[in-house]
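Okay, structure first, notes after.
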Amino acid sequence: MADTPWKLSYEGFDPTQEGLREALCTLGNGYFATRGAAEESEADDVHYPGTYLAGGYNRLETELAGRRIENEDLVNLPNWLALTFRPEGGDWLNLRRVEVLGYTQALDLRQGVLERTVRVRDREGRETSIASRRLVHMRRQNIAAIEMRLTPENWSGIAEIRSALDGRVINAGVERYRQLNGKHLAPLGTREPSEDAVLLLAETSQSRILVAEVARTRVYRDEGPAEARRATEHEEGYVAQRLSVAVGQGESLTVEKVVALCTSRDRGISEPTQAAMEEIGDTGRFSDLLASHALAWRTLWDRGDIVLDGHPHRQMVLRLHIFHLLQTVSPNTVDMDAGVPARGLHGEAYRGHIFWDELFILPYLNLHFPEISRELLLYRYRRLPAARRLARSAGRRGAMYPWQSGSSGREESQVLHLNPRSGRWTPDNTSLQRHVSLAIAHNIWRYWQTTGDRGIMAAHCAEMLVEIARFWASMATWDEAGGRYRILGVMGPDEFHDRYPWRDEPGLDDNAYTNVMASWTLRRAADALDDLAPGRRAELRLLLDVTDEELADWKRIAGGMRVPLLEGGIIAQFEGYDRLEELDWDAYRARYGDIQRLDRILEAEGDTINRYKASKQADVLMLFYLFSAQELTDLLATMGYDFDPATIPANIDYYMRRTSHGSTLSRVVHSWVLARSDRARSWELLTEALESDLLDIQGGTTAEGIHLGAMAGTVDLIQRGQTALEFTDHTLSISPCLPEAMQGVHLKFLYHGYWLHLDVGCDEVTVTAPDGWAGPRRIQVRDRIHEFQPGETLRFTCHLEDGWRPQQGAPERTGRAEGVAESVRRQPNDASPGQGR
Ligand code: BGC
C-alpha cells in the first residue's frame, strides 16, 4: 500500500507476518498496551494477543537443566480483545477456515487507532464484511474500546456475537522461553455486574497484583440500540457474553466493546474491581472515546512530532517510532513506578526487563516530555537501596545497578541462555555489564543539562550520582606497574565478549568504554555536589558520609584511570584485545548469509566468539556517540591522555569492520558517529536502523517485542545527530549537516522550560522562541556565537557549495531585533573528524 506519513498500512492476510504486525500494531498508553492481534484470535502458531501493564511483573520458578531457576516476567494479562462473530449455526470467525475476499489493516498514528477491514466467505457461501476500529485510551489510562461493524453481504438471519475476557492466558510469546514456567495468573472469579457487562478478576501468583477487567458490549443498528438476546458463559478464568441479533442483507450492525482495566498498582483507587466499574460507568459511545483519545494524541504530537521534508515513507517510520515510544512511556506513566522495558510493552522478549537502553531513549524524552524522563530517573532512585545491596553483595561500596531490572531492582538477568541454533543452554554472564550504572549517571547529567531541574537533582539525582561514583571508585584497583587505576572483570556493551579465551573466570579488564565513563562519572558526581545549595550539600554529605578524602580519591581515580590503546591511536576495546584473532568475515558471510548473531553461530560450531576481534555492537564507538570530539579530547586529557581527534575516523573504521550489528542499537551508534565524516554511509545506516523493526531485519525478533532503544535512537539521530544540537556551558549549539537525501527537518523542543522551534532546510536554519526564552542567551551555529533574545527569530542562510562559513554581519533577525542578513554556508561533505556532532 502507498505510504502516507501518518499510517502504517497492510494489505492481505499473511499468517507468516502476523506476529510482526501484531507487535508493530500494538496500541498502548504508557499504562498498559495490547498487541495488534485480531479480535477473534487466540494464542496459537499465528496469533499472540498479549496485554501488558507497565510495571506488571511476577516471578516464577522452573526446574531446568538440573537447576532451579527463577525468572521475573512482565505478565501477559487477561485478553480483553476477544470479540468474534458467526452467522447462526456457522463457525466462529477464523481467517484460516474461510475464504478471505479482502483484507486491509492500518495503524493510524495521528489518532492512535488500529483499523481492520475483512471480507470473508464461509463454507456455506455467506459473505460478510467486518470493519473494526480499536483504541487504548491515551488520557483515560484504564479504558480501551473496540468498534466492530458487521455487514452480511448476501445473507440475512441471526448474527451471534461473542465478547469475552480471557484470563486463561499464560506467557508463551517467546518460543525459546517456552520450557520455562509461564503461568503467572491465578483466576479469582467472574461476574456479570450488569445486563451488558462482564467482569473478570485475577491475581498474579507471586507479586499479588490484582487485575480487574470489565467489558461492556452493546450493539447498535442505524445509531439506535439493536435488540439482542444475551447469554453469559462462565469458565474458570474466563467469562463471555453471547449476543444474538437479527440482521438483514446489506444492513450493518455496530458492536461496541468498551473495557476498563484496573489493577492494585493504580493510584487514587480503593480496589480495582470497584475502580473498573466506576471507570466503565463513566464511558459513552466509541465515537466519544475516540474524540477524547484523538485529542490526547494531538497534544502529544504537538509536542513530540519531528517533520521530515520529502520522505513520506521515512516520515511514517519516524512517527511510528515516536508513537511506540509514547505508547510505552507516556504522561500516564508518571507515578506508576515503571521503567522503560527494552522491548516496549509489545511482547515478551527479555521478559519486559529494563536494561541500559534508556541511554538511547531519554534524549528524545528530555527535549519533549521531560516529565517522563524524570519518572524514569525516579524508577532508578526508588531502587537505589537494591543497588546498594547489590554492590555490597559484590564486595563493593556505593550502588551497583543491575544489568536487567524489573520490579524490585534486584538483578533479573538470566543465568542460562538458550542458543536456538545449537539447542544448548549456556551460562549467561551479561550481568557483568556494570556499565548500566554509568548510563544512569549519564542520563541524569543530560536530563539536568537540558531541563535545569534543580529539584530532582537536589532531592534524588545527586544522591544517585554519589553512590554510583562511589561504586566505581571501589571497583578501581591501583596497578603499581602501570601506574594507573584499572577496572577488572567486567563486560562492555559488546555482548560477544564475556571472557578471555585464556582465562576460566568470566569478565574482561579495562573495557575502555567503562573506564572512560567511570572517570567521567566520578567528576560529574563531584560537580553535582558542588552545584547543590550549601545546605543541601552539607546534608547529603553528612547523610552519605562523603568525606574530603573520598572526594580527593574520586579525583585521583578519575585522573588516573587506564585506557588501553592499540597502534595508530586506536582505543582498544579492552586490555588484551590485540591478542584476539581476526575473524574471516567473508567466509562466515558466504557460509551463513546473516551473521548478526555470530556468537550463536560459533557456539553451534563448537567454537567461541571470545577468540575473535568481532563485536556484536558499538563499544569503543559509544564514546564518540555520547561525547563530542572536543568533550572526549578534554575528558581524556584530564585522564592524562593526549588524544588526537584526527584518529577518530580510524577508530570508527577499525571497529566498523569488526562489528556484526547483532543488536539493533549498533546501527544507530554507527550512523551517528559517521554523520560528519561519511554522510552517505551514515544515511545508509540510519535508513537500515529506521527499517529494522518494520522489516524485522533480525528475522523474528520484532514479533517478540519492538526494539525501543533503536526506535528512540533513530529519532534522536535525526533530532540531535543530524542537527548536531548540543547543550553545553550555557550555550546551545546547532551545526546541521543533513545527509544529501534529507531535505529538511522541523521540530520543537523544550529547553529549561521554554520551547524553541528549529527548522533546518537545505539552505536555511531558523531558530524561534515563540513563547519567551530563559536562555541560554547565546546560540552557536557552527563555530559562531550569536546573542538570542526572547521572541526573536534567527535565520541563517547557507550555500551548499562551500560550507557553513559565517560571513560578515549577524544572522537575519525578526521579532524584536532589527533584521540583518547573514549567509552561513554548508559544504557537501564536512572534513571535520568522524564525529556525530
Ligand atoms: C543488546 C543490549 C541491549 C539489550 C536490550 C541486547 O541485544 O546487546 O545492549 O541492552 O539487547 O535491548
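Since we're looking at a predicted model, the values are computed, not measured. One-based numbering, in listed order, for ligands and for the atoms of each.
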- Note on the structure: Numbered in order shown, the ligand 1 atoms found under 4.0 Å of a heavy atom of A342 are 5 (C), 12 (O)

- Item | Within reach of ligand 1, part of T664 (heavy-atom separation under 4.0 Å) | neither

- Query: If you count the atoms of ligand 1 from 1 in the order shown, which ones are under 4.0 Å from a heavy atom of W356?
  - Reply: 2 (C), 3 (C), 9 (O), 10 (O)

- Item | E175, CD: over 12 other non-hydrogen atoms inside 6.0 angstrom | no

- Task: Could you tell me the residue and atom name of the protein heavy atom closest to atom 7 (O) of ligand 1, and the distance to it rounded to 0.1 Å?
- Result: K616 NZ, 2.8 Å

- Message: Between N419 (side chain only) and R600 (backbone N and O only), is there a donor and an acceptor less than 3.5 Å apart?
- Response: yes

- Query: Does the N or O separation between R343 and ligand 1 drop below 3.5 Å for any pair?
  - Reply: no

- Query: Does the cation-pi check pass for R657 over W585, that is, NZ or CZ under 6.0 Å from the six-membered ring centre and within 45° of its axis?
  - Reply: no

- Region of H707 that comes within reach of ligand 1 [heavy atoms, distance under 4.0 Å]: neither

- Item | Ring centres under 6.0 angstrom apart (H417, W425) | no

- Tell me which protein heavy atom sits closest to atom 8 (O) of ligand 1, plus the residue, atom name and distance to 0.1 Å. Q617 OE1, 2.5 Å

- Between E348 and Y48: side-chain donor-acceptor atoms closer than 3.5 Å: yes

- For T26 and H346, test the side chains for any donor-to-acceptor distance below 3.5 angstrom and give the result as yes or no. no

- Nearest option to atom 3 (C) of ligand 1, as decided by whichever heavy atom of V436, D357, I354 sits closest: D357

- Note on the structure: Restricting to heavy atoms, the pick from Y350, F360, F496, F355 nearest atom 11 (O) of ligand 1 would be Y350

- With heavy atoms only and a cut-off of under 4.0 Å, state how W403 meets ligand 1: side chain, backbone, both or neither. side chain

- Quick one: do the D510 and N515 side chains pair a donor with an acceptor below 3.5 Å? yes

